[in-house]
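A short worksheet on the structure shown next.
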Amino acid sequence: MEKYKRHSGVVIPLDRANVDTDAIIPKQFLKSIKKTGFGKNLFDEWRYRDHGEPDQDESTRQINHEFVLNQPQYKGGTILLARENFGCGSSREHAPWAILDYGIRTIIAPSFADIFYSNCFKNGILPITLSEELTQNFFEKSLNIAKFSLEIDLQHQKVIDGETSYHFDIDDFKKYCLLEGLDDIGLTLKNENDIQLFESQYKKNYPWLIRE
Amino acid sequence: MALTLYEKIFNRHVVKGLEDSYLIYIDRHLIHEVTSPQAFDGIRLNKRKIWRTDSIVAVPDHNVPTLDREQGIQDPISKIQVDTLDSNCVEFGLNQFKMNDTRQGIVHVIGPEQGLTLPGMTIVCGDSHTSTHGAFGALAMGIGTSEVEHVLATQCLIVRKLKTMQINVNGQAPKFISAKDIALAIIGHIGTAGGTGYAIEFAGDAIKDLSMEGRMTLCNMAIEAGARAGMVAVDDKTINYLKDRPYVPQGELWEMAIKDWKQLVSDKDAAFDQVINLDAGLIEPQVTWGTSPEMVTSISGFIPDPNLQSGSKKKSYLQALKYMNLEPNLPISDIPVDRVFIGSCTNSRIEDLRSAAEIVKSKKVAKSIKQAMVVPGSGLVKMQAEKEGLDQIFINAGFEWRQPGCSMCLAMNADRLESGEHCASTSNRNFEGRQGQGGRTHLVSPEMAAAAAIYGKFVDIRKL
Ligand code: SF4
């Protein structure tokens, strides 16, 4: 996993509440057995006017110019700004894979759905929860100011808007893994002995759950 | 100290406290073809071993065809995914119910059916509707693919402790009010984010009255209320349901197990972070009108007027009605219905099919309906239904009788809506495009879906 570094980027305002993972990456693209290549189909049903299929040539697609990702001022944006309950619905990790593959490393929203939120961290994406007022403020700016950018400083847990910076909360362990680009399987396996010990005691307590 | 059911199960699985989360031990890992290939790749890539292969059971369900599957999968991309599951199971020595095994079915239907789901277990699957298994007094959670890989390699999951919510559904549910209506009414009440960060325990007389299958329907929909886990305390129904199922412990172990399971209830004085009370007697048959399960009302209701809402809610209502092509103030009973889908891990069990068949019996599907289909949740449900003659009731009425799988719940296989079509569906998600691009889903109970097929629109089944 790539380390999450301090960076600034153009903000892409996605002005919808309850954006679900079916919208982030429609199911026909879930048939891939890989983790990459989903970026071109991020928000497929909103981004294009025709129905997309995996392995389709992008240049033949009908672009929906109204959709935010297709508007020139947001091209190359790396920070997605969203409304409440972002990422609800299915647990598909294809959703963060698509977001990452598109080039987005940070999502700001007033709230996130649980599974999506934790999936982001496994893929080097930082989901930042900010208040309704603050996100509203950023929405207005990103709609009115050309190339409105924010700087994200994960180390100090700050979103920086020009002269002003705003604090955000994040679980220490998750922050550490993002900053170091750590795979948490490796970390968990450092506890191999503890797991084995637990398992043997557990087997004694609940013998019907682990059979030889 | 008095503990909630969630806390009791959680505590017995803590391997280790981490900084602000916990390493918990996982008892059962269910796997399907869509969210597992990248996890197995990770295992291979990092040359890791699978920690406990006997905790894993795999089944293909999302991509499988529901017609003529004996002839194999026609869609080459779906086929690769199912074949990949096969080869991963062979390579790692995992138990799999393959596509043409009668035990095959939707992962959340076969878990309980086979007795793979037991009280007190921690159960995970790379699928959000894993919450279904909580009906057995288990802690069951949907996880992402990275977590699938993590559980494969370590038998553990890193989690934070959830907050606890108790939803009491008091009193008696009126006739024709099913678990699905209770679930939708709850979501209408607390919203699709109402349960975020919580494990919900469903309690109260109306929940005790539900059969195990009804409890599964309810817990299945907990995720649509934003909760990662839904659960119901163990009682005699739980134990009777499980007795003698293939993977359930037998003999002395069974006796030991039920002694333990009987303790899997929240203590009397246990404190929940939030308690919600609903009156079952007031619940009417529910129909969703929008693109989120919280956009729901009763059969006697009307499409709401977005102009009476404000802020982002107004905006979502406007977006939803535009997508659904519905006008404010339209009676729910005037929504056109083009297709009917009875199936999915929410409502494809034998009781669902029985109650739908009861409505369909000796009637015909309305001419205006383009397609009505029944997709049993598993090969065994299908067999049982056929034994009872339910298949004939459906077929005689003009329904299609299909082979088990997820089917039109998410339209990954060939079963899907055409753009603009309205569907009365017993599934769990009415998101834009969920059942096919441009498709318009209305979530209802099996009885309501069956009646919609017969009358060509939503009708009040209480008045039939
Ligand atoms: S039936 Fe639908 S909700 Fe259930 S597992 Fe399959 S796709 Fe998911």
Look up atom CG in A:D20 and atom OG1 in B:T291, then write down how far apart they are to the nearest 0.5 Å.
8.0 Å
Side chain A:D114, main chain B:G197, donor-acceptor under 3.5 Å:
yes
Side-chain touch B:R52/A:E199, heavy atoms, less than 4.5 angstrom
yes
Which portion of A:D172 sits near chain B, non-hydrogen atoms under 4.5 angstrom
both
Where on B:A411 is there a heavy atom nearer than 4.5 Å to chain A: the side chain, the backbone, both, or neither?
both
Please flag which part of A:E53 lies under 4.5 Å from any non-hydrogen atom of chain B: side chain, backbone, both or neither.
side chain
B:T84 versus chain A, heavy atoms under 4.5 Å apart: side chain, backbone, both or neither?
side chain
Applying a strict 4.5 Å limit to non-hydrogen atoms, the region of B:Q437 in contact with chain A is both
How far does CG of A:L30 sit from CD of B:Q81, to the nearest 0.5 angstrom?
7.0 Å
Contact part of A:N18 toward chain B, heavy-atom cut-off under 4.5 Å: side chain, backbone, both or neither?
side chain
Contact class of B:Q250 relative to chain A, heavy atoms under 4.5 angstrom
neither
Presence of salt bridge, A:D194 and B:K16, under 4.0 angstrom:
yes
Side chains of A:Q28 and B:M412: closer than 4.5 Å at any heavy-atom pair?
no
A:P26 versus chain B, the contacting section by heavy-atom distance below 4.5 Å
neither
Report which part of B:H62 has an atom under 4.5 Å of a heavy atom belonging to chain A: side chain, backbone, both, or neither.
neither
Examine whether an atom of A:D15 lies under 4.5 Å from a heavy atom of chain B, and if so say whether it belongs to the side chain, the backbone or both; otherwise answer neither.
both
What part of A:A17 gets closer than 4.5 Å to chain B, counting heavy atoms only: side chain, backbone, both or neither?
side chain
Go through the steps for B:I143 and A:I115 under the test side chain to side chain contact (heavy atoms under 4.5 Å, CB included), then give the verdict.
CA-CA 7 Å; B:I143 56 177; A:I115 302 179; over 6 Å; no
Supply the atom-to-atom distance B:I223 CD1 to A:S91 OG, rounded to the nearest 0.5 angstrom.
8.0 Å
I'd like to know which of B:G433, B:S316, B:A153 tops the heavy-atom pair count under 4.5 Å against chain A.
B:G433
Of all of B:E33, B:Q319, B:E19, which one pairs up most often with chain A through heavy atoms under 4.5 Å apart?
B:Q319
Side chain, backbone, both or neither of B:L410 within contact of chain A (heavy atoms, under 4.5 Å)
both
Judged by modelled atom types alone, do B:D27 and A:Y206 share a side-chain donor-acceptor pair under 3.5 Å?
no
Is any side-chain heavy atom of B:D127 closer than 4.5 Å to a side-chain heavy atom of A:S90?
no
Do the side chains of B:H150 and A:D184 get nearer than 4.5 Å, heavy atoms only?
yes
Interchain contact, B:D20 with chain A, by part (heavy-atom threshold 4.5 Å)
both
Does OH belonging to B:Y22 count more than 12 external heavy atoms closer than 6.0 Å?
no
Does some side-chain heavy atom of B:R160 sit less than 4.5 Å from a side-chain heavy atom of A:F173?
no
Region of B:N428 in contact with chain A, defined by heavy-atom distances below 4.5 Å
neither
For B:V159, is it the side chain, the backbone, both, or neither that has a heavy atom closer than 4.5 Å to a heavy atom of chain A?
neither
Under 4.5 Å from any heavy atom of chain A - which part of B:V148
neither
With a 4.5 Å heavy-atom cut-off, do B:R28 and A:L209 have their side chains touching?
no
To the nearest 0.5 Å, what is the distance between CD1 on B:I77 and NZ on A:K31?
6.0 Å
Would you compute the distance between atom CD of B:Q155 and atom CZ of A:F198 and round it to the nearest 0.5 angstrom?
10.5 Å
Could you check if a side-chain atom of A:N205 sits within less than 4.5 angstrom of a side-chain atom of B:R12, using non-hydrogen atoms only?
no
Does A:E66 have more than 12 heavy atoms from other residues, nucleotides or ligands lying within 6.0 Å of its CD?
no
For the candidates B:P37, B:G438, B:A227, which exhibits the highest count of non-hydrogen atom pairs separated by less than 4.5 Å from chain A?
B:P37
Side chain from CB out, backbone as N, CA, C, O: work out which of these in A:F116 comes under 4.5 Å of a heavy atom of chain B, or both, or neither.
neither
What I want to find out is whether A:K27 reaches B:D415 closely enough, with some N-O distance under 4.0 Å, to be called a salt bridge.
no
Chain A contact residues among residues 117-126 of chain B, heavy-atom distance under 4.5 Å
B:L118, B:M121, B:G126
Would you mind checking which part of B:E432 comes under 4.5 Å of any heavy atom in chain A, side chain (CB onward), backbone (N, CA, C, O), both or neither?
both
Taking every non-hydrogen pair under 4.5 Å, which of B:E147, B:K313, B:E294 racks up the most with chain A?
B:E147
Most heavy-atom pairs under 4.5 angstrom with chain B, which of A:K34, A:R83, A:R92?
A:K34
For B:T145 versus A:E93, what's the shortest heavy-atom pair and its separation?
N-OE1, 2.6 Å
Is the shortest side-chain heavy-atom distance between A:I195 and B:W51 below 4.5 Å?
yes
Heavy-atom contact with chain B under 4.5 Å, split by part of A:T21
neither
Between B:T192 and chain A, with a heavy-atom cut-off of 4.5 Å, which part of the residue counts as in contact: side chain, backbone, both or neither?
both
Interatomic distance, A:N85 atom CG to B:S292 atom OG [nearest 0.5 angstrom]
8.0 Å
Under 6.0 Å from the NZ atom of A:K158, do we count more than 12 heavy atoms belonging to anything else shown?
yes
On the 0 to 90° scale, with breaks at 30° and 60°, tag the A:W208-B:W261 ring pair as parallel, tilted or perpendicular.
perpendicular
Which residue out of B:E224, B:E252, B:E149 racks up the most heavy-atom pairs below 4.5 Å with chain A?
B:E149
Does one side chain, of B:S312 or A:E84, offer a donor that lies under 3.5 Å from an acceptor on the other?
yes
Under a 3.5 Å threshold, yes or no: a donor from one side chain and an acceptor from the other, between A:W97 and B:Q38?
no
Can you say whether B:R429 sits under 4.5 Å from chain A via the side chain, the backbone, both, or neither, judging by heavy atoms?
side chain
Between B:S146 and the options A:N123, A:D183, A:N119, A:I185, the side chain to side chain contact (heavy atoms under 4.5 Å, CB included) test singles out A:N123
Residues B:D41 and A:K35 bridged, charged N to O under 4.0 Å:
no
